[in-house]
Q: 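Supplied in structure tokens, the structure appears directly below.
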Amino acid sequence: YDMYNIMIETAIKTSSDMVICDYINIFENYEGKDIKINKVSIYNFTPHEILNKLFVKGKFDVVPWNKLYKKSLFCNLRFKVNRVNKDEFLIHEIIYKCKKISIIDSKLYYYRHRPGSIMNSKFEIRKFDRLYALSKRVEFFYENNEIELMMKVEKWLVDSLIWNYYFAIEENYNIEGELKEIERLMDLEPVLSKEMIKLGEYMSNHLFAFLIHCYQTMLPAMLKTTT
């Protein structure tokens with residue numbers, strides 16, 4: 001079969017701005033045979049359906065290689081240079097510009113996992129890029145009056161900040177500069193009042209707890225992290 005032929009035919013047939021296919025993970029010693037596709041199932045979504053049902057809930061892979069984009073989506077949009085998570089900075093804007101998105105429920109792409117690749121590498125300081133991307137996404141949804149989406153992404157941002165902070169400490173990285181930049185990007189006031197922010201600082205100083213943990217205890221239920 002031809003992955004791109006199937007995706008192009010789907011785009012033409014459905015008049016979709018973006019077509020997404022499923023994929024299979026393969027590893028270094030993979031010796032399997034090609035997957036035969038007997039039937040291709042196609043599901044159509046609006047941008048908000050993707051953002052709410054798939055993207056926000058973690059069922060949407062933010063990668064470029066299993067997607068076919070309409071050229072006009074990239075008018076005034078470009079991937080950022082020298083960023084690890086280039087797609088994270090842009091994907092919400094691309095989806096938002098679509099009128100229809102089609103998902104092909106068939107594995108048309110082989111994703112090879114390599115030791116040392118970005119996806120499989122250990123923590124390093126440049127992985128903080130995802131936090132910057134999420135903060136930009138919060139800002140984008142706020143500017144477009146998508147408050148529910150903004151709140152959901154803020155939850156992701158808090159989760160990611162805690163995990164990245166933990167791994168950075170474990171690896172003995174000097175992250176003071178990174179944390180100051182992230183703190184500048186994070187606007188807590190729409191979520192926590194000035195009084196609550198001051199209370200969090202007081203708790204951190206007197207309970208010897210991480211400031212972000214103190215803030216987290218005061219978050220609305222929909223923003224609290226889950227394990």
Side-chain angles (χ1 to χ4, degrees), residues 18 45-64 67 73-74 76-98 101 118 123 125-168 175-201 204 210-227:
M18 182 192 298
F45 297 90
T46 65
H48 274 79
E49 286 175 328
I50 290 289
L51 291 169
N52 279 292
K53 296 182 180 180
L54 302 178
F55 181 58
V56 173
K57 293 184 179 180
K59 297 180 181 179
F60 183 98
D61 293 302
V62 185
V63 293
K67 300 176 181 64
L73 294 176
F74 286 89
N76 300 320
L77 292 179
R78 293 293 184 273
F79 288 108
K80 288 188 175 293
V81 179
N82 298 325
R83 292 289 192 178
V84 174
N85 300 99
K86 296 181 177 67
D87 310 283
E88 294 278 8
F89 283 88
L90 211 59
I91 190 64
H92 52 281
E93 294 191 54
I94 295 174
I95 294 173
Y96 208 74
K97 291 177 71 173
C98 292
I101 299 169
I118 293 175
F123 177 85
I125 202 67
R126 61 179 184 156
K127 289 193 174 183
F128 271 86
D129 280 357
R130 185 168 188 269
L131 301 180
Y132 300 129
L134 289 176
S135 69
K136 292 296 183 183
R137 194 174 302 162
V138 170
E139 182 180 327
F140 175 83
F141 286 138
Y142 177 77
E143 291 175 349
N144 286 278
N145 200 33
E146 298 286 355
I147 304 304
E148 183 178 350
L149 287 172
M150 183 198 76
M151 297 287 281
K152 290 178 179 178
V153 178
E154 285 224 0
K155 175 189 177 300
W156 272 22
L157 181 55
V158 171
D159 284 349
S160 296
L161 178 57
I162 291 173
W163 280 106
N164 278 271
Y165 185 91
Y166 170 78
F167 284 115
I175 59 173
E176 183 177 353
E178 293 288 341
L179 290 180
K180 285 183 178 179
E181 177 64 13
I182 292 167
E183 183 179 356
R184 184 185 69 80
L185 291 171
M186 286 184 66
D187 183 8
L188 290 172
E189 289 196 21
V191 182
L192 302 176
S193 66
K194 291 182 179 180
E195 291 76 16
M196 294 174 75
I197 291 174
K198 289 182 179 179
L199 176 60
E201 293 172 349
S204 177
F210 291 129
L211 180 59
I212 190 65
H213 290 172
C214 297
Y215 286 151
Q216 194 176 3
T217 63
M218 297 183 286
L219 289 173
M222 69 178 298
L223 285 181
K224 289 185 182 294
T225 58
T226 56
T227 56

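The first residue of the sequence shown is numbered 1, and numbering continues consecutively from there.
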Q: I need the minimum non-hydrogen distance between Glu148 and Asn52, along with the two atoms involved.
A: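 Distance-wise, the nearest heavy atoms are OE2-OD1, 4.4 Å.
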
Q: For Arg137, is there an ion pair with Glu88 - N to carboxylate O distance below 4.0 angstrom?
A: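 A salt bridge links Glu88 with Arg137.
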
Q: Show the nearest heavy-atom pair for residues Leu157 and Leu131, with the distance to one decimal.
A: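 Heavy-atom minimum between the residues: CD1-O, 3.6 Å.
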
Q: Give, for atom CD of Glu49 and atom CD1 of Ile95, the distance between the pair rounded to the nearest 0.5 Å.
A: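 Going from the CD atom of Glu49 to the CD1 atom of Ile95 covers 12.5 Å.
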
Q: Identify which one of Glu146, Glu93, Met150 satisfies the side-chain contact (heavy atoms from CB on, under 4.5 Å) criterion when paired with Phe140.
A: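 For Phe140, the side-chain contact (heavy atoms from CB on, under 4.5 Å) test succeeds with only one of Glu146, Glu93, Met150, which is Glu93.
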
Q: Looking at every heavy atom in both Lys86 and Phe79, which two are closest together, and how far apart are they?
A: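 Closest approach of Lys86 to Phe79, heavy atoms only: O-CD2, 3.8 Å.
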
Q: List the atom of Leu134, the atom of Val153, and the distance in Å for their closest heavy-atom pair.
A: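 Result for this residue pair: O-CG1, 3.8 Å.
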
Q: How close do Pro47 and Ile101 get, heavy atom to heavy atom, and via which atoms?
A: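 Nearest heavy atoms, Pro47 then Ile101: CA-CD1, 4.3 Å.
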
Q: Roughly how far apart are Leu149 CG and Tyr142 OH, rounded to 0.5 Å?
A: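 The OH atom of Tyr142 is 15.0 Å from CG of Leu149, to the nearest 0.5 Å.
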
Q: Looking at NZ of Lys152 and CG of Leu51, how far apart are the two atoms once the value is rounded to the nearest 0.5 Å?
A: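 The CG atom of Leu51 is 10.0 Å from NZ of Lys152, to the nearest 0.5 Å.
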
Q: With rounding to the nearest 0.5 Å, note down the distance linking CG in Leu77 to CG in Leu90.
A: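 Rounded to the nearest 0.5 Å, the CG-CG separation comes to 5.0 Å.
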
Q: Heavy atoms only: give me the nearest Lys136-His92 pair and the separation to one decimal.
A: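 Looking at all heavy atoms of both residues, the shortest contact is O-NE2, 4.3 Å.
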
